[in-house]
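Being a predicted model, the structure only gives us computed values, none of them experimental. Just the heavy atoms: all of them, side chains too, but no hydrogens, waters or symmetry mates, feed the values below.
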Protein chains: 2
Amino acid sequence: MANISDIIEAFLLDTMGNNEKLTLSRNELASYFSCAPSQINYVLTTRFTPERGYIIESRRGGGGSITVVRLSQTPEEAYGEILGTVNENDGISFAKASQLLDRMCRDAIISERESEIVKTVLSDKALIAPTVIKDRLRLNILKSVLLQLLRMNGEED
Amino acid sequence: MANISDIIEAFLLDTMGNNEKLTLSRNELASYFSCAPSQINYVLTTRFTPERGYIIESRRGGGGSITVVRLSQTPEEAYGEILGTVNENDGISFAKASQLLDRMCRDAIISERESEIVKTVLSDKALIAPTVIKDRLRLNILKSVLLQLLRMNGEED
DNA sequence: TAAGGTCAAAGGTCAAAGAAAGTCAAATAA
DNA sequence: TTATTTGACTTTCTTTGACCTTTGACCTTA
């Protein structure tokens with residue numbers, strides 16, 4: 001936690017609290033943390049991604065600002081979106097898969113324990129395979145898991 | 001004794017004390033002991049293995065670090081029987097893996113839901129790979145999951 | 001007064017540099 | 001031989017700065 005990015009992330013999450021939106025000034029924030037303004041963009045694009053359940057809106061020019069919006073969805077919406085996201089590519093990195101799982105966890109679609117198990121399964125360590133194949137394999141496993149979760153949700157509850 | 005690896009090992013054990021985790025900086029430690037940074041990796045991979053009851057986590061890049069996690073049980077203690085059944089071969093069929101998971105479920109090591117998820121992951125459908133490789137891959141994933149379960153059991157749930 | 005011009009104040013982008021840690025194989029020591 | 005030590009090279013993540021684009025307030029000028 002010694003890097004500024006993590007600190008800014010924590011600050012934003014904390015400031016946001018339970019609110020759905022948070023509006024801020026890039027320059028103000030940057031000068032508050034004594035960092036380059038583009039550092040703020042870095043934090044936003046690496047931590048507040050759609051995969052993690054956030055979108056960013058902004059306006060340039062005089063009086064411009066940035067707004068962080070937290071998306072919350074029903075499980076069905078989440079599945080649709082995630083499966084969609086997942087279907088577009090024919091492979092997925094561990095980092096990205098991990099973000100998706102974090103988000104599902106945040107939205108209470110799966111438990112933290114479950115997300116940890118699935119992350120383990122999708123990790124580079126678990127998937128001994130050539131790099132080219134690895135991302136495709138990972139995606140395939142992830143899809144299978146999502147479908148299985150859907151099936152189970154349908155049966156139980 | 002008298003070799004750096006043993007000294008570093010002792011230092012880490014001592015520093016760790018009774019704590020469950022120890023976070024350190026590879027470069028700092030290396031320069032403290034005036035050794036190559038990769039020496040630290042050597043110590044970690046030879047002495048702080050899962051078999052001996054440790055797991056290593058790490059993060060690269062600015063602000064990166066390494067964390068040593070002590071398991072409350074070694075895999076042998078926890079899954080000795082299971083791993084024994086499994087270790088003879090260097091691969092495992094879906095049927096056999098499935099049986100093991102059922103047993104773990106029965107023994108309340110994992111929930112039914114969790115066992116279903118892991119079964120899905122280990123199914124032939126999820127694991128698109130040449131048959132020869134498939135069983136080995138499956139075993140590797142299964143082992144990773146077992147390790148992860150151990151780690152999670154050590155922490156609060 | 002309407003249309004367009006100017007300019008400073010935002011925010012955006014991107015690539016290069018920096019900061020860790022990881023890998024691997026050759027050299028060395030026990 | 002087996003275990004250790006080293007260092008060159010790789011990968012991942014972060015930080016910074018130079019340059020780009022957009023916007024709105026405030027002019028001109030017909």
B:Ser5 vs A:Val43, nearer the 5' end of DNA chain D by closest nucleotide: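 Here B:Ser5 is the residue nearer the 5' end.
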Chain B footprint on DNA chain D, 5' to 3' - any atom under 4.0 Å from a heavy atom: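 The protein-touched segment is D:dA3 to D:dT14.
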Just N and O in the side chain of A:Asn27: are any of them under 4.0 Å from OP1 or OP2 of C:dA10?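 Indeed not, no polar side-chain atom of A:Asn27 lies that close.
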Taking it one step at a time, do A:Leu13 and A:Phe48 satisfy side-chain contact (heavy atoms from CB on, under 4.5 Å)? CA-CA 10 Å; A:Leu13 287 173; A:Phe48 294 83; 3.9 Å; yes
Would you please classify the geometry between the A:Phe33 ring and the A:Phe11 ring as parallel, tilted or perpendicular, with 30° and 60° separating the classes?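 Geometry flag for A:Phe33 against A:Phe11: perpendicular rings.
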DNA chain C contacts among residues 29-40 of chain B, heavy-atom distance under 4.0 Å: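 By residue number: B:Ser38.
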Output the residues of residues 50-69 of chain A in contact with DNA chain C, where contact means a heavy atom of the residue under 4.0 Å from an atom of the strand; sort by number or write none.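 Result for residues 50-69 of chain A: A:Ser58, A:Arg59, A:Arg60, A:Gly61, A:Gly62, A:Gly63, A:Gly64, A:Ser65, A:Ile66, sorted by number.
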What N/O pairs connect the protein and nucleotides 27-30 of chain C at under 3.5 Å? Give each pair on its own line.
none

Sequence neighbours excluded, every pair satisfying salt bridge (Lys or Arg N to Asp or Glu O under 4.0 Å) that has a member inside residues 40-55 of chain A: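 Listed by first then second residue: A:Asp6-A:Arg47, A:Glu9-A:Arg47, A:Glu9-A:Arg52, A:Glu51-A:Lys96.
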Describe the nucleic acid contact of B:Ser25 in one word from base, sugar-phosphate, nothing, applying a heavy-atom distance below 4.0 Å.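 Counting heavy atoms under 4.0 Å across all strands, the contact made by B:Ser25 is with sugar-phosphate only.
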Interatomic distance, [X] atom [atom1] to [Y] atom [atom2] [nearest 0.5 angstrom]:
X: B:Thr74; Y: B:Leu147; atom1: OG1; atom2: CG; value: 10.0 Å
X: A:Arg138; Y: A:Ile92; atom1: CZ; atom2: CD1; value: 8.0 Å
X: A:Leu137; Y: A:Leu142; atom1: CG; atom2: CG; value: 11.0 Å

Using five base pairs at each end to define the local axes, how bent is the helix from C:dT1-D:dA30 to C:dA30-D:dT1, to the nearest 10°?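 Here the helix ends are tilted 0° relative to one another.
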When the distance from CG of A:Asn3 to P of C:dA19 is rounded to whole Å, what number comes out?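 Rounded to whole Å, this separation is 13 Å.
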Decide side-chain contact (heavy atoms from CB on, under 4.5 Å) for B:Tyr79 and B:Lys143; before the verdict, give the C-alpha distance in whole Å, the side-chain angles of both, and the deciding distance to 0.1 Å. CA-CA 10 Å; B:Tyr79 307 120; B:Lys143 280 186 184 170; over 6 Å; no
Residue A:Glu112 excluded, over 12 heavy atoms near CD under 6.0 Å: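 Count not over threshold, so no.
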Any chance CD of A:Glu28 has more than 12 other-residue heavy atoms, nucleotides or ligands included, within less than 6.0 Å?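 No, not enclosed.
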Judged by each residue's nearest nucleotide on DNA chain C, which is more toward the 5′ side, A:Leu44 or B:Asn41?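 Closer to the 5' end of DNA chain C: A:Leu44.
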Does any N or O in the side chain of B:Thr49 come within less than 3.5 Å of the main-chain N or O of B:Thr46, such that one atom is a donor and the other an acceptor?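 Not confirmed, B:Thr49 side chain does not pair with B:Thr46 backbone.
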